[in-house]
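In the text below, chain A, chain B and the rest are named by the order of the sequence lines, each starting its count at 1. Quantities reported herein were computed from a predicted structural model and do not represent experimental measurements.
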There are 2 protein chains.
Amino acid sequence: MTQTKIGTQDMLCFALYSANNAINRLYRPLLAKLGLTYPQYLVLVSLWSEDGKTVGQLGRELGLESNTLTPLLKRMGEGGLITRKRSSQDERVVEVSLTDKGRAMQSEAGEVAACVYEAMGLAPDELMELRDRIFQLRDEVASRTP
Amino acid sequence: MTQTKIGTQDMLCFALYSANNAINRLYRPLLAKLGLTYPQYLVLVSLWSEDGKTVGQLGRELGLESNTLTPLLKRMGEGGLITRKRSSQDERVVEVSLTDKGRAMQSEAGEVAACVYEAMGLAPDELMELRDRIFQLRDEVASRTP
DNA sequence: GTAAAATAAATCGTACGCGATTTAATCGCA
DNA sequence: TGCGATTAAATCGCGTACGATTTATTTTAC
């Protein structure tokens, strides 16, 4: 027997949990200067890559549901970053689009991303490999979650 | 130029964020049967490995501060899992200890851990390697966070 | 054509995380 | 010894996440 008791330091899930918290603590003050939270920043990243998505599309991409997204998008709308409009094709669907202000924020956000990238201290190939392993784990776990 | 726009799928921080959410979605219903949340479970894991820690010690181990831990521990105290007592040596310090009920929960929690381990679909050596890489990243980021 | 099923958002309540501040106890040092 | 600085926990407010439910719209099956 090499180990009788396991502690938090042995758990992969705790590694993910605490690393995610650590990254958030790095992002938070940087994004706060732009008036953003981390999930709000993710919404912008998503819309910068392709503008005009429904709440459901954003949810599938980010792994969130309307109970999280609706109030978050409402705040972003009040902040003038996005617009929310019911689709005329299907009134159940809400389309989310960038405002000029939301689009303009992309350049300022570049500095934030660079700052975070630097703090990770990883070479690009290491970073991509780790990222893909973590996405794989996420997808494996998600596929086995009822 | 191989890529003009980056999206959420390119970001290591998003991999961590969404993997952490996915793991939580797996844990949540399992832990709910025991009346626990994930951070509460982490507190128990910590105390099972070594009982009798101060709020500050728990905070350093889990990467949390009293603003998060105090209400969480209060709920665990109300649930009869732990006791909280001011140290007689130093009245500023609060000692957290397991109750019999909290100790007894370790065996039930074993099934939860096994279930999560299985859902990850990783061999032990792969799991340990990934875990350590993520801890390394966490520590690197934390060391560069002002 | 219409009622039931399905789908998309929104709403509500609970429990984190954390920045900022407060309260209380101990320490340091002149 | 005494008093300002430090330390530990608690308190407060805000913004997520999410289970459960509700509301509104569209699809379907007959």
Side-chain angles (χ1 to χ4, degrees), chain A residues 16-43 53-60 62-79 81 84-96 142 145-146, chain B residues 16-33 35-43 53-60 62-79 84-96 142 145-146:
Chain A
L16 282 166
Y17 168 83
S18 60
N20 183 54
N21 282 348
I23 299 255
N24 259 314
R25 280 193 282 274
L26 176 61
Y27 263 115
R28 190 181 298 268
L30 303 173
L31 291 174
K33 289 179 189 159
L34 309 183
L36 292 174
T37 64
Y38 181 68
Q40 288 173 12
Y41 169 66
L42 289 179
V43 168
K53 289 177 178 167
T54 70
V55 172
Q57 284 175 319
L58 282 170
R60 279 185 292 280
L62 302 180
L64 299 170
E65 296 185 28
S66 65
N67 50 7
T68 298
L69 281 175
T70 297
L72 185 158
L73 294 172
K74 201 173 286 186
R75 279 186 281 273
M76 292 179 75
E78 289 163 0
L81 300 172
R84 299 155 63 236
K85 195 165 63 73
R86 293 258 166 206
S87 163
S88 52
Q89 307 301 311
D90 184 341
E91 287 281 337
R92 291 172 302 182
V93 170
V94 169
E95 304 260 15
V96 180
T145 298
Chain B
L16 282 166
Y17 167 83
S18 59
N20 183 54
N21 282 349
I23 299 256
N24 258 314
R25 280 193 282 273
L26 175 60
Y27 263 116
R28 189 181 297 269
L30 302 173
L31 291 174
K33 289 178 189 160
L36 292 174
T37 65
Y38 181 68
Q40 289 173 12
Y41 169 67
L42 289 178
V43 168
K53 290 178 177 167
T54 69
V55 173
Q57 284 175 319
L58 281 170
R60 280 186 292 281
L62 302 181
L64 299 171
E65 294 186 29
S66 66
N67 50 7
T68 299
L69 280 176
T70 296
L72 185 157
L73 295 171
K74 200 173 288 186
R75 279 185 283 270
M76 292 180 75
E78 289 162 0
R84 298 155 65 238
K85 194 164 64 74
R86 293 258 166 207
S87 161
S88 52
Q89 307 300 311
D90 184 340
E91 288 280 337
R92 292 171 302 182
V93 171
V94 169
E95 303 261 15
V96 181
T145 299

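Distance check, rounded to the nearest 0.5 Å: CG of A:Leu42 to OH of A:Tyr27 gives 7.5 Å. One distance of note links CG of A:Leu26 with CG of A:Leu31; it measures 9.0 Å at 0.5 Å rounding. Interatomic distance, A:Leu73 CG to A:Glu78 CD, rounded to the nearest 0.5 Å: 11.0 Å.
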Nucleotide N/O of nucleotides 20-28 of chain C paired with protein N/O under 3.5 Å:
residue: C:dT26; atom: OP1; partner: B:Glu91; partner atom: N; Å: 3.2

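Both B:Leu73 and A:Arg75 sit near DNA chain D, but only B:Leu73 has its closest nucleotide nearer the 5' end. Checking A:Tyr38 against A:Glu65, the closest nucleotide of DNA chain D that is more toward the 5' end is the one next to A:Tyr38.
B:Thr37 pairs by the side-chain contact (heavy atoms from CB on, under 4.5 Å) definition with B:Pro39, B:Gln40, not counting sequence neighbours.
Only at 4.0 angstrom or more do the heavy atoms of residues 24-35 of chain A sit from any atom of DNA chain D, so none qualifies.
Taking atom CG of residue A:Leu64 and atom C1' of nucleotide C:dA8, one finds them 16 Å apart after rounding to whole Å. The distance between atom OH of A:Tyr17 and atom P of D:dA17, rounded to the nearest whole Å, is 13 Å. When the P atom of C:dA9 is taken as reference, atom CG of A:Leu62 falls 13 Å away, rounded to whole Å. For the pair A:Leu72 CG and D:dC14 P, the interatomic distance rounds to 16 Å; values are reported in whole Å.
The listed nucleotides are D:dT16, D:dA9, C:dC16; the one nearest the side chain of B:Val55 is D:dA9.
When all heavy atoms of A:Tyr38 and A:Asn24 are compared, the pair lying nearest together is CB-OD1, 3.4 Å.
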